[in-house]
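Naming: A, B, ... by sequence-line order, numbering from 1 per chain. What you see is a predicted model, and the numbers here were worked out from it, not measured in a lab.
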There are 2 protein chains.
Amino acid sequence: MTARTPLLVRDPAEPQALRSDALINRNRILEVARETFAARGIDVTMREIARRAGVGVATLYRRFPTKESLVTAAFADQMAACASVVDDALADPDPWRGFCTAVERICAMQAVDKGFTAAFVSAFPDSIDFEGVRACAEEGFAELTERAKASGHLRADFAQEDLTLLIMANGGIIADTAETAVAASRRLAALLLQSFLAHPADPPAPLPPAAPIGLHNVVGNLQEPSQAVPAGQVSGRCPR
Amino acid sequence: MTARTPLLVRDPAEPQALRSDALINRNRILEVARETFAARGIDVTMREIARRAGVGVATLYRRFPTKESLVTAAFADQMAACASVVDDALADPDPWRGFCTAVERICAMQAVDKGFTAAFVSAFPDSIDFEGVRACAEEGFAELTERAKASGHLRADFAQEDLTLLIMANGGIIADTAETAVAASRRLAALLLQSFLAHPADPPAPLPPAAPIGLHNVVGNLQEPSQAVPAGQVSGRCPR
DNA sequence: CCGAAACCGGAACACCTGGTCCGGTTGACG
DNA sequence: CGTCAACCGGACCAGGTGTTCCGGTTTCGG
């Protein structure tokens, strides 16, 4: 309709179109979002992120039109790191070591960042980045699996789905502090990697330090420390 | 203060104080709640449970004053079953077999019932039943662990926390259909049990059938089947 | 058979969530 | 320095959740 277009039309992909204060706010928002999502998961409120970033909700929504887009932006670098993990593993001359390292690193990332798994799993349909990286990582891992099997270290009946299994299982490991989560995750990875081995050593491998994961911290995390079962108090109704 | 107490005071624990129709409704509610929680997790709405049970919300709330109490009641028998699993395991003359069976059965229960884990984990503070059973099961498992170690089958550095680890990891295994969840859970249990073994066989144990767990079903369960990466479309930005 | 107490269902309440609107403010450019 | 669009923040909207209230109905002892 309007035949005249403005002379100074900006490249629509230009990121510098933001005013200086707006850019500052945007960065602050992203920073806060990353921290908060990592610490408390993906379910934190948009209001809270806005409050923590010292901006209003409208500002937040003007920068990221939907929560989905905020999550995507916040975890973009994590996704990149995830992809690079697979690349590093493929670059390792020892296939089995590469395989193990990749698994351990991904598990650690998952454990450190509470929201990462959720962001990865829910995989908002529109955020093509996520899907792309995921497909790419899958592909790389298939190659990795093949090589590890060929090297004779990975058991032949290892299925590609076992990797999904491991990731999902690791996703179940969440504790209130990142440290406990990492420790637990590390032990889980070590245990599973051991059972993936084709020829397990007769004396089982030493395994990393025993997981300091506390029962009360993770399972019954709603009760206060209390007196750790006063022996005679709680029992008595225990049928065995 | 009031010195006079009513003559016909009822035993507060008497369960027969319900009118016949009220009792029928109560049972129907419990039945529906069990089914729905198992199939769709603990997050189903009180409205929906009431609707499915063919009663009004008020009726539901009169019977179970809070959602918490409904959950507790609905999972009471599951908790009992959980305890009996440990008892059975302790009754087995072969400690290692008992250990394995207990682990497998608990994992299966967890996989079949989506809400079970959540109910068990969240462990509402007031529902003492849960806490009691949990403590009891823990105690029994400690005994089980000890015996399995003494028999030489369970590796010496197995920690009690590894059990929590397993349960939490298994909790991460959730799929849209109960069958896939059970299959995946079974494989996870088999893998972990193998790495718990003190003297793993040189050729790794055959393991149960490969898990038919599908990547798209569990990880990217929001996207439609689509054309499974049209090869040329998405790639091109895959760095390796 | 009858009346009262217990029951029933749906409307309503308080609260929280993602997301939008509008009047006042501020940075950037001539 | 002045103008004006872009920006800012809090109020607001729609939808959904656990929970409560109230008028009509049903059961059950006498």
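- Counting to the nearest Å, the P atom of C:dA11 and the OH atom of B:Y61 are 17 Å from each other.
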Under-3.5 Å N/O pairs linking protein and nucleotides 4-7 of chain C:
unit_1 : atom_1 : unit_2 : atom_2 : d
C:dA6  : N3     : B:R19  : NH1    : 3.0

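- Interface remark: the B:R47 side chain does not form any donor-acceptor pair with the D:dG16 base, using a distance-only criterion of under 3.5 Å.
- Atoms CG (A:L23) and C1' (C:dA28) sit 15 Å apart, rounded to a whole Å.
- Summary of the strand contacts: A:V55 and B:V44 both lie near DNA chain D, and taking for each the nucleotide with the nearest heavy atom, the more 5' one is attributed to A:V55.
- A:K67 has its NZ atom 12 Å from the C1' atom of C:dG19, to the nearest Å.
- Close to C:dG18, at under 4.0 Å from its OP1 or OP2, lies no side-chain N or O of A:T66.
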Please tabulate, for side-chain N and O atoms in residues 40-60 of chain A, each donor-acceptor pair with protein atoms closer than 3.5 Å (sequence neighbours left out).
unit_1 : atom_1 : unit_2 : atom_2 : d
A:R40  : NH1    : A:E48  : OE2    : 3.0
A:R40  : NH2    : A:E48  : OE1    : 3.2
A:R40  : NH2    : A:E48  : OE2    : 3.2
A:E48  : OE2    : A:R52  : NE     : 3.2
A:E48  : OE2    : A:R52  : NH2    : 3.2

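- The heavy-atom pair separating A:R187 from B:L165 by the smallest distance is CG-CD2, 4.0 Å.
- Partners of A:R26 by salt bridge (charged side-chain N to carboxylate O under 4.0 Å, His left out), not counting sequence neighbours: none found.
- Over its full length, the helix from C:dC1-D:dG30 to C:dG30-D:dC1 turns its helical axis through 10°, comparing axes from the five pairs at each end and rounding to 10°.
- A:E35 pairs by the salt bridge (charged side-chain N to carboxylate O under 4.0 Å, His left out) definition with nothing, not counting sequence neighbours.
- Sorted by first then second residue, the salt bridge (charged side-chain N to carboxylate O under 4.0 Å, His left out) pairs that include residues 69-85 of chain B, not counting sequence neighbours, are B:R34-B:D77.
- Distance A:I42 CD1 to C:dT17 P: 15 Å, rounded to the nearest Å.
- One interatomic measurement links the two molecules: CE of A:M46 to P of D:dG9, which rounds to 14 Å at whole-angstrom precision.
- Rounded to the nearest 0.5 angstrom, B:Q78 CD and B:D113 CG are separated by 4.5 Å.
- Atom CZ in A:R26 sits roughly 12 Å away from atom P in D:dC8 (whole-Å rounding).
- Side-chain atoms of B:S185 never come within 3.5 Å of backbone atoms of B:A181 as a donor-acceptor pair (strictly under, hydrogens ignored).
- Rounded to an integer number of Å, the gap from CD1 of A:I49 to P of C:dT17 is 12 Å.
- In terms of modelled atom types and a separation under 3.5 Å, the side chain of B:D162 and the main chain of B:A159 share a donor-acceptor contact.
- Remark: A:T45 is in phosphate contact with C:dT17, judged by side-chain N or O atoms under 4.0 Å from OP1 or OP2.
- Computed from coordinates, the A:L70 CG to C:dG19 P distance equals 10 Å when rounded to whole Å.
- Using a 30° and 60° split on the angle between ring planes, B:F75 and B:F37 fall in the parallel class, below 30°.
- Residue-level contact check: A:V57 touches the bases, meaning some heavy atom is under 4.0 Å from a base atom.
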